[in-house]
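Below, read A as the first sequence line, B as the second, and so on, with proteins coming before strands; counting in each chain starts at 1.
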Number of protein chains: 2
Amino acid sequence: MSDTKDKIVTLADHLVRTKGFNAFSYKDIADPMEIKNAAIHYHFPAKADLGICVIDNEIDKFRESVEKWRKLPEDKQLTKLVEVFHRHGTNGFICLMGSLAPDFETFTDPMKAKVQEMGNVIVSWITGCLENGRAGKRFHFEGEAYDRALLIITNLQSSLILSRVLGPSVFNRVSNRILKDLKP
Amino acid sequence: MSDTKDKIVTLADHLVRTKGFNAFSYKDIADPMEIKNAAIHYHFPAKADLGICVIDNEIDKFRESVEKWRKLPEDKQLTKLVEVFHRHGTNGFICLMGSLAPDFETFTDPMKAKVQEMGNVIVSWITGCLENGRAGKRFHFEGEAYDRALLIITNLQSSLILSRVLGPSVFNRVSNRILKDLKP
DNA sequence: AAAGATACTTACTTACCAGTAAGTATACAA
DNA sequence: TTGTATACTTACTGGTAAGTAAGTATCTTT
């Protein structure tokens, strides 16, 4: 990926997380980069193309991260995931799913499919992490691992959103409780 | 409130929950009501005025609901809250906080304050419900009631959002687990 | 050196959006 | 009956959005 294209995607990612997908325009990217909006259209003919690329980037980064954590015990792996969310939160960003899902109905079909893909990748990984962790006595919890994974991802996602409204302590309180509740 | 004004607010509420605040326009309200966009500006000079009214409406409805549940045992009160979220979800709507918070940074100061007010009202109520419920042995949980309230509201909020992406079973799985986990 | 691909800019179109100014119809009150 | 408030419509502005067509500079390949 060329330098310009890469910068466009990075800026778009930040804009989606801070302003929302429908609330930012190509001008918000073109001005700080000192290029014209047509230059962005050269790389991403339609805004949905840029959106899909931002999500694909996120899926790739997520897959790289979990691959790096593969040999850690499951409780450490989950702590790493929490740290990823925390890092986003301290920069004022929220997670991609949290910022995209509210505008979901306004998206094109290919972009909707891409959002769904990202959701499945993340939830599947957490489910596996919890299942393995329970089998290895590193986690204790009731019910299906998939259900617990949904609880955790919804906690992380929404606590970032709520932190913007009620203050940054929200995320710390929520993430600490998630990890404590899973202790055997 | 006049009939027209009331219909505008109701439609705006649905549009915020389905498309997001920045993604809907006065035309989306004017066309189905068969009025002109200037008629909406007569009642709500700026879009933020409409947004604030939608939130105020929601706060009022929430206060009326919890007042109605006042004499129920706390576990039943919490079940009622889950039912409110469930009703929204089955109509394809998400909760106001979930749809407004991602666009938070694009709002005017008065509207930001109103979103914060709504967040505080809901979290305070859940905290009180959990505290009283634990004191009366209807709930069992570790840690501070406020932390637990944050976990629950983030679960409910985000599971509605995720239901749109991953299917409606997400909300049912999450809400069932919330209530089971609190059983003494 | 010519041809072609890449990465843009210039200049534009079409469409929509929030918001406004001025006019109109209706109802009720003095 | 005249006046005034309410609840709009008509007709518009200024701004911004996504997107495009045509041209240009630069580098690479033949």
**OP:** Let me know the distance between NZ of Lys27(B) and P of dT16(D), rounded to the nearest Å.
**Re:** 22 Å

Original post:
Separation of Met111(A) atom CE from dA18(D) atom P, in whole Å?
Top reply: 13 Å

**OP:** Tell me what Lys47(A) touches on the nucleic acid: a base, only sugar-phosphate, or nothing, going by heavy atoms under 4.0 Å.
**Re:** sugar-phosphate

Subject >> side-chain N/O Thr4(B) vs dC8(D) OP1/OP2, d < 4.0 Å >> reply: yes

Original post:
Testing Lys76(A), Glu74(A), Lys80(A) for side chain to side chain contact (heavy atoms under 4.5 Å, CB included) with Trp69(A), which one passes?
Top reply: Lys80(A)

Subject >> Nearest-angstrom distance from the residue atom CZ of Phe21(A) to P of dA17(D) >> reply: 14 Å

All N/O donor-acceptor pairs, side-chain side in residues 26-36 of chain B, below 3.5 Å, sequence neighbours left out:
{"from": "Tyr26(B)", "atom 1": "OH", "to": "Phe44(B)", "atom 2": "O", "distance (Å)": "3.2"}
{"from": "Tyr26(B)", "atom 1": "OH", "to": "Ala46(B)", "atom 2": "O", "distance (Å)": "3.3"}
{"from": "Tyr26(B)", "atom 1": "OH", "to": "Lys47(B)", "atom 2": "N", "distance (Å)": "3.4"}
{"from": "Lys27(B)", "atom 1": "NZ", "to": "Asp31(B)", "atom 2": "OD2", "distance (Å)": "2.7"}
{"from": "Asp28(B)", "atom 1": "OD2", "to": "Lys19(B)", "atom 2": "NZ", "distance (Å)": "3.4"}
{"from": "Asp28(B)", "atom 1": "OD2", "to": "Ser25(B)", "atom 2": "N", "distance (Å)": "2.9"}

**OP:** Just call it for Tyr26(A): base, sugar-phosphate, or nothing, with non-hydrogen atoms closer than 4.0 Å on any strand.
**Re:** sugar-phosphate

**OP:** Say whether Gln157(A) and Ser158(B), considering side chains only, have a donor N or O and an acceptor N or O under 3.5 Å apart.
**Re:** yes

**OP:** In whole angstrom, give the distance that lies between atom NZ of Lys7(A) and atom P of dC8(C).
**Re:** 10 Å

**OP:** Compare side-chain N and O positions of Ser25(A) against OP1 and OP2 of dT16(D) and report whether any pair is under 4.0 Å apart.
**Re:** no

**OP:** Send over the distance from Ile29(A) CD1 to dA17(D) P, rounded to a whole Å.
**Re:** 11 Å

**OP:** Check the distance between dC16(C)'s P and Lys19(B)'s NZ and give it to me in whole angstrom.
**Re:** 12 Å

**OP:** Examine dA7(C): is either OP1 or OP2 under 4.0 Å from a nitrogen or oxygen in the side chain of Tyr42(A)? Give yes or no.
**Re:** yes

Original post:
If you look at every strand shown and take non-hydrogen atoms under 4.0 Å, does Phe44(B) touch a base, only sugar-phosphate, or nothing?
Top reply: nothing

Original post:
Atom CG of Leu15(B) to atom C1' of dC17(C): distance rounded to whole Å?
Top reply: 15 Å

Original post:
Taking the side chain of Lys36(A) as heavy atoms from C-beta outward, which of dC8(C), dA7(D), dT10(C) is closest to it?
Top reply: dT10(C)

Subject >> Heavy-atom check, side chain of Thr4(B) versus side chain of His43(B), under 4.5 Å >> reply: yes

Subject >> Rounded interatomic separation in angstrom, taking CD1 from Ile40(A) and C1' from dA7(C) >> reply: 14 Å

Subject >> Minimum-distance nucleotide to Asn37(A) side chain [options: dT6(D), dT20(D), dT9(D)] >> reply: dT20(D)

**OP:** Could you list the residues that satisfy salt bridge (Lys or Arg N to Asp or Glu O under 4.0 Å) with Arg134(A), not counting sequence neighbours?
**Re:** none

**OP:** Ignoring backbone atoms, establish whether His43(A) has a side-chain N or O less than 4.0 Å from OP1 or OP2 of dC8(C).
**Re:** yes

